[in-house]
Novice: 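Pasting a structure here, questions to come.
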Amino acid sequence: MASALKNLSQYDESTMPSAEGMRFGIVVAEWNAHITHALYEGCFETLIKHGAVEANIHTVQVPGSFELPTAAKLLVSRYSLDAVICLGCVIEGETKHNEYINNAVAVGLTNLGIVSGIPFIFGLLTPNNEEQALDRAGGKHGNKGVEAAVTAIRMGGLKQEMSNVKSKIGYSQG
Ligand code: RBF
């Protein structure tokens, strides 16, 4: 199993850019709220720990994970953001709802990122059962919300770095 030996909250802090001055969006799905709220706490605390300020973190809640991409797009339409983190949890059940929702979120966030150039972070747990979800929301595999925040800071840093040198590299004629 991919995460059998991996604590999702472990990362090399020495290689992290500072999040000071960065602006983030967070979208949190309300389905399985006991899981997604734990992801949110880990995510928010990690952004603050690396220098982000509360006033620059815009959080919205949505009913379910399927709504994550739409709300993420609404957030970047409203605010100028360095990255948007989407947090949800779709637990496998007797039907295939999880496959449809998970694929829709993955495709939706991928498309948003490619089209906009803004990092949209996939913080969606896709567990087979509740125990696996709890293991990844502050349990024995750490907190996937922390990992999502770390990715957002790294990608936000990359975005800032690239926008500073965009006249020198890339495909742009300008
Ligand atoms: N949303 C989640 O975030 N997690 C779930 O586990 C979840 N399970 C669902 C199961 C079914 C059968 C349906 C119809 C929806 C489920 N949703 C879940 C809600 C979904 O993401 C979305 O909010 C609704 O389908 C409305 O667009």
Side-chain angles (χ1 to χ4, degrees), residues 1-17 19 22-52 54 57-72 75-76 81-93 97-113 118-159:
M1 250 187 281
S3 57
L5 298 172
K6 191 182 172 201
N7 182 323
L8 299 173
S9 302
Q10 285 174 353
Y11 59 99
D12 183 357
E13 294 191 23
S14 68
T15 62
M16 287 287 290
M22 285 190 194
R23 295 149 303 178
F24 298 97
I26 307 179
V27 190
V28 188
E30 277 302 299
W31 263 74
N32 301 309
H34 60 302
I35 305 285
T36 62
H37 288 186
L39 296 176
Y40 176 72
E41 277 176 30
C43 177
F44 187 86
E45 282 168 12
T46 304
L47 295 179
I48 298 290
K49 177 178 164 185
H50 286 279
E54 205 168 335
I57 302 173
H58 302 281
T59 302
V60 292
Q61 298 190 47
V62 291
S65 295
F66 188 79
E67 283 71 45
L68 290 170
T70 305
L75 266 182
V76 296
L81 300 173
D82 293 297
V84 183
I85 302 155
C86 294
L87 302 172
C89 174
V90 184
I91 300 175
E92 190 182 340
H97 68 274
N98 57 313
E99 292 178 22
Y100 289 102
I101 297 170
N102 295 341
N103 283 331
V105 176
V107 171
L109 296 183
T110 302
N111 287 339
L112 283 172
I118 299 167
F120 288 83
I121 310 303
F122 185 88
L124 181 67
L125 295 184
T126 60
N128 301 322
N129 53 51
E130 179 160 342
E131 187 187 354
Q132 287 183 351
L134 290 166
D135 286 346
R136 290 157 180 78
K140 70 180 178 194
H141 290 309
N143 188 325
K144 190 79 178 166
V146 172
E147 192 184 75
V150 167
T151 306
I153 295 167
R154 287 194 196 283
M155 291 301 292
L158 180 67
K159 177 174 168 287

Novice: Compare every heavy atom of L109 with every heavy atom of P69, then report the nearest pair and how far apart it is.
Specialist: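 Of all heavy-atom pairs spanning P69 and L109, the closest is CA-CD2, 3.9 Å.
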Novice: Minimum heavy-atom separation for A71 and V62, please, with both atom names.
Specialist: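 It is CB-CG1, 3.4 Å.
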Novice: Report yes if the distance between the aromatic ring centroids of H34 and Y40 is under 6.0 Å, otherwise no.
Specialist: no
Novice: Taking atom CD of E54 as the centre, report whether more than 12 heavy atoms of other residues, nucleotides or ligands fall under 6.0 Å from it.
Specialist: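 No, not enclosed.
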Novice: I need the minimum non-hydrogen distance between G123 and A148, along with the two atoms involved.
Specialist: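 Smallest interatomic distance, heavy atoms only, reads CA-CB, 4.5 Å.
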Novice: For residues I48 and T46, determine if any side-chain heavy atom of one lies less than 4.5 Å from a side-chain heavy atom of the other.
Specialist: no
Novice: The test is side-chain contact (heavy atoms from CB on, under 4.5 Å); show your working for L47 and I85 and say whether it passes.
Specialist: CA-CA 11 Å; L47 295 179; I85 302 155; 4.1 Å; yes
Novice: Going through the distances and angles, do Y11 and H50 end up as a ring pair (Phe, Tyr, Trp, His ring centres under 6.0 Å)?
Specialist: CA-CA 13 Å; Y11 59 99; H50 286 279; 5.7 Å; yes
Novice: For a 4.5 angstrom cut-off between non-hydrogen side-chain atoms, does M16 reach I153?
Specialist: yes
Novice: Could you walk me through whether L124 and V90 pass the side-chain contact (heavy atoms from CB on, under 4.5 Å) test, one step at a time?
Specialist: CA-CA 7 Å; L124 181 67; V90 184; 3.9 Å; yes
Novice: Would you check if L125 and L87 make a side-chain contact, meaning some heavy-atom pair closer than 4.5 Å?
Specialist: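 No - every pair of side-chain heavy atoms lies 4.5 Å or more apart.
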Novice: Measure the spacing between CG of D82 and CE of M155 and express it to the nearest 0.5 Å.
Specialist: 11.5 Å
Novice: Hey, what do you get for CG (L158) to OG1 (T151), rounding to the nearest 0.5 Å?
Specialist: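 Atom-to-atom, L158:CG and T151:OG1 are 12.0 Å apart.
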Novice: Do P127 and R136 touch side chain to side chain, with heavy atoms closer than 4.5 Å?
Specialist: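 They are not in contact (no side-chain heavy atoms under 4.5 Å apart), so the answer is no.
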Novice: Any chance you could measure H37, atom NE2, to N32, atom CG, to the nearest 0.5 Å?
Specialist: 10.5 Å
Novice: Is there a side-chain contact between N98 and I91 (heavy atoms, below 4.5 Å)?
Specialist: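 Not in contact.
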Novice: How many angstroms lie between CG in N103 and CD1 in I101, if you round to the nearest 0.5 Å?
Specialist: 10.5 Å
Novice: Do N129 and E92 touch side chain to side chain, with heavy atoms closer than 4.5 Å?
Specialist: no
Novice: Hey, does the side chain of E67 reach the backbone of P63 with a donor-acceptor pair shorter than 3.5 angstrom?
Specialist: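 Such a contact is absent between E67 side chain and P63 backbone.
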Novice: Return yes when atom CZ of F66 has more than 12 non-hydrogen atoms of other residues, nucleotides or ligands closer than 6.0 Å, and no otherwise.
Specialist: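 Counting other residues, nucleotides and ligands, CZ of F66 stays at 12 neighbours or fewer.
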Novice: Going through the distances and angles, do L81 and L75 end up as a side-chain contact (heavy atoms from CB on, under 4.5 Å)?
Specialist: CA-CA 8 Å; L81 300 173; L75 266 182; 4.2 Å; yes
Novice: I'd like to check N111 versus F120 (side-chain heavy atoms, cut-off strictly below 4.5 Å). Are they in contact?
Specialist: no
Novice: What is the minimum heavy-atom distance between P119 and G156, and which atoms define it?
Specialist: CG-N, 4.4 Å
Novice: Mind listing the closest non-hydrogen atom pair of A137 and A38 along with its distance?
Specialist: O-CB, 3.5 Å
Novice: Minimum heavy-atom separation for R154 to P17, with atom names?
Specialist: CA-CG, 4.1 Å
Novice: Would you confirm whether T36, through its side chain, and V28, through its main-chain N or O, come within 3.5 Å as a donor-acceptor pair?
Specialist: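 Absent.
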Novice: Would you give the length of the straight line joining atom OG1 of T110 to atom CZ of F122, rounded to the nearest 0.5 angstrom?
Specialist: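 These two atoms lie 8.5 Å from each other.
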Novice: Quick one: are C86 and V105 in side-chain contact, heavy atoms under 4.5 Å?
Specialist: no
Novice: Give, for atom NZ of K144 and atom CD1 of I35, the distance between the pair rounded to the nearest 0.5 Å.
Specialist: 14.5 Å
Novice: Give the intermediate values and the outcome of side-chain contact (heavy atoms from CB on, under 4.5 Å) for residues I26 and C43.
Specialist: CA-CA 9 Å; I26 307 179; C43 177; 3.9 Å; yes
